[in-house]
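Because the structure is predicted, anything quoted here is derived from the model rather than measured.
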Amino acid sequence: MKSILAFAIVFAALSLCNLSDKSKPDANSNAPQPPASNRSEATDSGTDRAALTVELMKLEYELTTASFNGDISTLASYIADDYSGTGADGVTQNKNQLLSSTKPDKVTKSWKITDGELVSATEDSAVLSYIQNQTLKDGRTFRARVTDTFVKRNGRWLIKSEQQTLMR
C-alpha cells in the first residue's frame with residue numbers, strides 16, 4: 001500500500017510535466033503566419049499541426065525537467081491560474097496545490113513519453129495526449145495515458161488542465 005501511495009505522490013508531482021520527443025521546433029516556424037481570420041483553419045493543416053505538436057512537446061519536456069528538479073518558478077510560469085488536474089490516483093489539484101506539492105524527485109530513474117498526439121487545436125487552445133512511461137530506481141515501471149489541455153494567453157501556451165489514467 002505504501003508503494004502505491006508513493007507512486008501516486010510522485011506521479012501527482014509530475015502530473016503536468018512529461019515528454020520524450022526532444023525535437024526542436026520546425027525550421028519553418030518563422031514562416032509568415034496566415035491572416036488571423038484563417039488561423040484556426042491553418043492549424044488544421046498537417047504542417048501547422050506538426051509544428052504545434054513539436055512546440056507543445058518541447059514545452060512538456062521543459063516542464064517535466066523542472067518538475068523533476070523541483071523548479072517551482074518554471075512550473076508556475078507555464079501553468080494557467082485556473083488550472084485543474086486529476087492525477088492517476090484520482091486526486092484533483094489546482095495550481096497552488098500542484099506547486100506546493102512539487103519537490104525534487106528522488107525515486108524516478110527515468111521517464112519518457114511515447115505516442116504523442118495532437119488531439120485538437122484552434123488558434124487559442126490545444127489538446128495533447130501521450131503515454132508517460134516511468135521507471136523507478138527500484139526497477140518498477142508505470143505507464144499512464146496523459147491528456148493536457150493548453151490555452152494560449154498573451155501569446156504563450158499554458159497548461160489549463162490535465163487528466164492522468166494509469167495503464168495496466
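- Using a cutoff of 4.0 Å between basic side-chain nitrogens and carboxylate oxygens, Arg153 and Asp81 are not scored as salt-bridged.
- For the pair Gln97 (side chain) and Asn94 (backbone), a donor-acceptor distance under 3.5 Å is present.
- Once rounded to the nearest 0.5 Å, the distance linking OG1 of Thr53 with CD of Glu117 reads 8.5 Å.
- Here the straight-line distance linking atom CG of Asn96 with atom OG of Ser101 works out to 11.0 Å at 0.5 Å rounding.
- In terms of heavy atoms, Trp157 sits closest to Glu123 at CH2-O, 4.1 Å.
- In this structure, Lys137 contributes its side chain and Lys106 its backbone to a donor-acceptor pair below 3.5 Å.
- Here the CD-OG distance, from Gln93 to Ser100, works out to 7.0 Å after rounding to the nearest 0.5 Å.
- Taking CZ from Arg140 and CD from Gln134, the interatomic distance works out to 10.0 Å, rounded to the nearest 0.5 Å.
- With Tyr130 as the partner, the side chain to side chain contact (heavy atoms under 4.5 Å, CB included) test is satisfied by one option alone out of Leu118, Leu56, Asp148: Asp148.
- Here the side chain of Ser67 pairs no donor or acceptor atom with the backbone of Leu63 at under 3.5 angstrom.
- Pairing each heavy atom of Arg143 with each of Leu166, the nearest pair is O-CD1, 3.4 Å.
- The structure places OH of Tyr78 at 10.5 Å from CD1 of Ile159, a figure rounded to the nearest 0.5 Å.
- When all heavy atoms are compared, the tightest approach of Lys160 to Val151 is CD-CG1, 3.7 Å.
- One hydrophobic cluster, built from ILVMFWY side chains closer than 4.5 Å, cannot hold both Val91 and Leu98; they sit in different ones.
- Side chain to side chain, Asp71 and Ser73 meet the donor-acceptor criterion of an N or O pair below 3.5 Å.
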Worksheet item: Do Met57 and Leu128 pass the side-chain contact (heavy atoms from CB on, under 4.5 Å) test, and can you show the C-alpha distance, the side-chain angles, and the key distance before you say yes or no?
Response: CA-CA 8 Å; Met57 292 295 276; Leu128 182 70; 3.6 Å; yes
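- Aromatic ring pairs are classed by plane angle as parallel below 30°, tilted from 30° to 60° and perpendicular above 60°; the pair Phe68 and Trp111 is parallel.
- From Asp138, atom CG reaches atom OG1 of Thr141 across 10.0 Å, with rounding to the nearest 0.5 Å.
- Nearest heavy-atom pair across Leu52 and Ala121 is CD2-CB, 3.6 Å.
- For the residue pair Thr135 and Asn133, no side-chain donor N or O sits within less than 3.5 Å of a side-chain acceptor on the partner.
- Taken together through direct or relayed side-chain contacts under 4.5 Å among Ile, Leu, Val, Met, Phe, Trp and Tyr, Val127 and Tyr61 form parts of separate hydrophobic clusters.
- Closest of all the heavy-atom pairs between Ser129 and Thr147 is OG-OG1, 3.6 Å.
- For Thr102 against Gly70, the heavy-atom pair with the smallest separation is CG2-CA, 4.0 Å.
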